[in-house]
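Here's the structure we're looking at; comments come further down.
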Amino acid sequence: MQFVDLERQYKRIATKLNSRVLSVLGSQQYIMGPEVLELEEMLAEFVGVKHALTCSSGTDALQIALMTYNLKKSDAVYVPSFTFFASAESVTLAGASPIFVDSDEFTFNMSPSSLLAAIEKTLAEGNLTPRGIMPVDLFGQPADYTELQEIADRYGLFILEDACQSFGAQYQRKRVGGLMGCAAATSFFPAKPLGCYGDGGAVFTDNDELAEVMRSIRIHGQGKDKYDNQRIGINGRLDTLQAAVLLEKLAIFEEELESRNRIAFMYTQALCEHFETPVVSSDRSSAWAQYTLKARDKEQRKQIIEYLRAQGIPTAVYYPIPIHLSTAYAHLGYFRGDLPVCESLSDRVFSIPLHPYLSEEELHTITQTLKASIQ
Ligand SMILES: *Cc1c(COP(=O)(O)O)cnc(C)c1O
């Protein structure tokens, strides 16, 4: 059994996908070919946003968006600690200082009350200036944008949505991507809900000015002309080949989202009396990048994972080390105990296979084995 079965998906779309890819190979328009523009139009329409700009990865998408704010080391950007490393890394790469925020135990997302406390602490210490908030839609579920926007407004901060795991999810009936008139970044890494066959990503916004600056940063800070460099940018384009792959995958994406939701629903029905199953707030939907359970403690998690592995069922731990305790950020001086919910989640969570092509038989095997593992 695969954790994410990309082969079944490929088999389904192979004929169309191969012909699209071959046509790019024959066209020699490998960089910014017509497929890139076509994809950007489709993405903007799907999300319901004015501007969708594709780029080279989710990490680069975050960085491109952050670079529009001309950040300095004395600028604080608030990020959850319980997320993929790139969320914080992009803040550092953009020249600012990440400040880590605790998570909600049930939704796994940034806790607004922990965010408030962190902002007040920054202001009281007086070394850094609060500038922005980077919520992450962890495992596919949008963060608490209404509450976060209130906090952002109160302190005059920007919001950049890390939607790298939540492409396709909805918040109050709107698709993630520029939800609050701000910018959002997503990833097309192969294992994400919408993935290509390499690295890829996109930024979204309704804001024309922000879109123009991001477009420039994506290609070496270019202005109207290729050699009119207006600012420092990056080499952040999406390959035409990857755009061709994504066009075929986007065509079946809505259906795949429905499958993900159906499978998540069946998992919860089968497991909720035996495990702490994931909670999705009633005003939003998840793209189900991961289906994540919580064991009682680290020891029980180890037992469950080993029991499943012996039966041929793969699991994954996202994320075993909260970023505030990572070696890379040791110099910031965080200690165990600083963000207790993140730390407890890192010890207890584990994710089980969830992809649109998981059969009911496989699902049954997984849930039965899980239940047996805690007998
Ligand atoms: C995957 C991911 C990223 C980075 O995306 P890449 O395309 O791998 O660079 C950033 N943030 C989160 C939350 C992610 O899951």
Side-chain angles (χ1 to χ4, degrees), residues 3-4 6 39 43 52-67 77-94 98 100-101 103-104 107-110 132-143 145 148 159-169 176-177 179 183-204 214 217-218 234-239 242-243 245-246 249 260 278 286-292 316-324 326 328-329 342 345-346 349 351 354-355:
F3 189 71
V4 177
L6 294 173
L39 176 66
L43 289 172
L53 297 179
T54 55
C55 58
S56 39
S57 71
T59 308
D60 288 343
L62 289 169
Q63 207 193 328
I64 289 168
L66 283 166
M67 283 173 80
V77 177
Y78 298 84
V79 291
S81 177
F82 188 59
T83 174
F84 182 56
F85 188 70
S87 307
E89 184 184 36
S90 59
V91 172
T92 305
L93 284 170
F100 295 108
V101 176
S103 298
D104 179 88
T107 64
F108 305 118
N109 279 330
M110 180 186 262
I133 308 170
M134 207 167 104
V136 179
D137 304 337
L138 207 69
F139 305 144
Q141 174 173 204
Y145 287 102
L148 295 174
I159 289 187
L160 166 62
E161 179 185 355
D162 181 344
C164 284
Q165 300 184 6
S166 62
F167 187 75
V176 298
L179 277 174
T186 201
S187 164
F188 301 130
F189 182 79
K192 305 282 167 143
L194 178 65
C196 56
Y197 290 159
D199 279 307
V203 287
F204 305 96
M214 291 196 292
I217 292 172
R218 174 177 62 169
I234 65 171
N235 176 0
R237 295 170 297 238
L238 180 76
D239 290 344
Q242 299 302 345
V245 170
L246 284 163
K249 292 224 195 177
R260 285 179 183 274
S286 177
W288 293 108
Q290 301 299 339
Y291 190 91
T292 302
V317 173
Y318 303 115
Y319 296 91
I321 301 172
I323 304 176
H324 71 286
S326 67
Y329 284 114
C342 287
L345 288 174
S346 285
V349 293
S351 303
L354 191 160
H355 58 80

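Order of appearance sets the numbers: ligands from 1, and atoms from 1 within every ligand.
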Residue [X] vicinity, atoms of ligand 1 by number, heavy atom under 4.0 Å:
{"X": "Cys164", "result": "2 (C), 3 (C), 10 (C), 11 (N), 12 (C), 14 (C)"}
{"X": "Ala86", "result": "4 (C), 10 (C)"}
{"X": "Ser187", "result": "5 (O), 6 (P), 7 (O)"}
{"X": "Gln165", "result": "13 (C), 14 (C), 15 (O)"}
{"X": "Val136", "result": "13 (C)"}
{"X": "Ser57", "result": "7 (O), 9 (O)"}
{"X": "Thr83", "result": "13 (C)"}

[X]-ligand 1 polar pair, N/O distance under 3.5 Å:
{"X": "Asp199", "answer": "no"}
{"X": "Asp162", "answer": "yes"}
{"X": "Gly58", "answer": "yes"}

Any donor-acceptor pair under 3.5 Å linking the side chain of [X] with the backbone of [Y]?
{"X": "Tyr329", "Y": "Phe100", "answer": "no"}
{"X": "Asn109", "Y": "Asp104", "answer": "no"}
{"X": "Gln242", "Y": "Tyr197", "answer": "yes"}

*Asp137-Tyr145 side chain donor-acceptor pair, cut-off 3.5 Å*: yes
*asked:* Taking 4.0 Å as the limit for heavy-atom contacts, which would you say applies to Thr59 with ligand 1: side chain only, backbone only, both, or neither?
replied: both
*asked:* Please give me the minimum heavy-atom distance between Ala61 and Val203, naming the atom from each residue.
replied: O-CG1, 3.2 Å
*Would Phe108 and Tyr319 count as a close aromatic pair, with their ring centres under 6.0 Å?*
no
_When you compare the side chain of Lys192 with that of Thr186, does any pair of heavy atoms fall below 4.5 Å?_
no
*Does the side chain of Phe85 come within less than 4.5 Å of Ile323's, by heavy atoms?*
yes
*What residue and heavy atom of the protein are closest to atom 14 (C) of ligand 1, and at what distance?*
Lys192 NZ, 3.0 Å
*Would you call Ser87 a ligand 1 contact, heavy-atom distance under 4.0 Å?*
yes
*Quick one: sort the Tyr318 and Phe139 rings into parallel, tilted or perpendicular, breaks at 30° and 60°.*
tilted
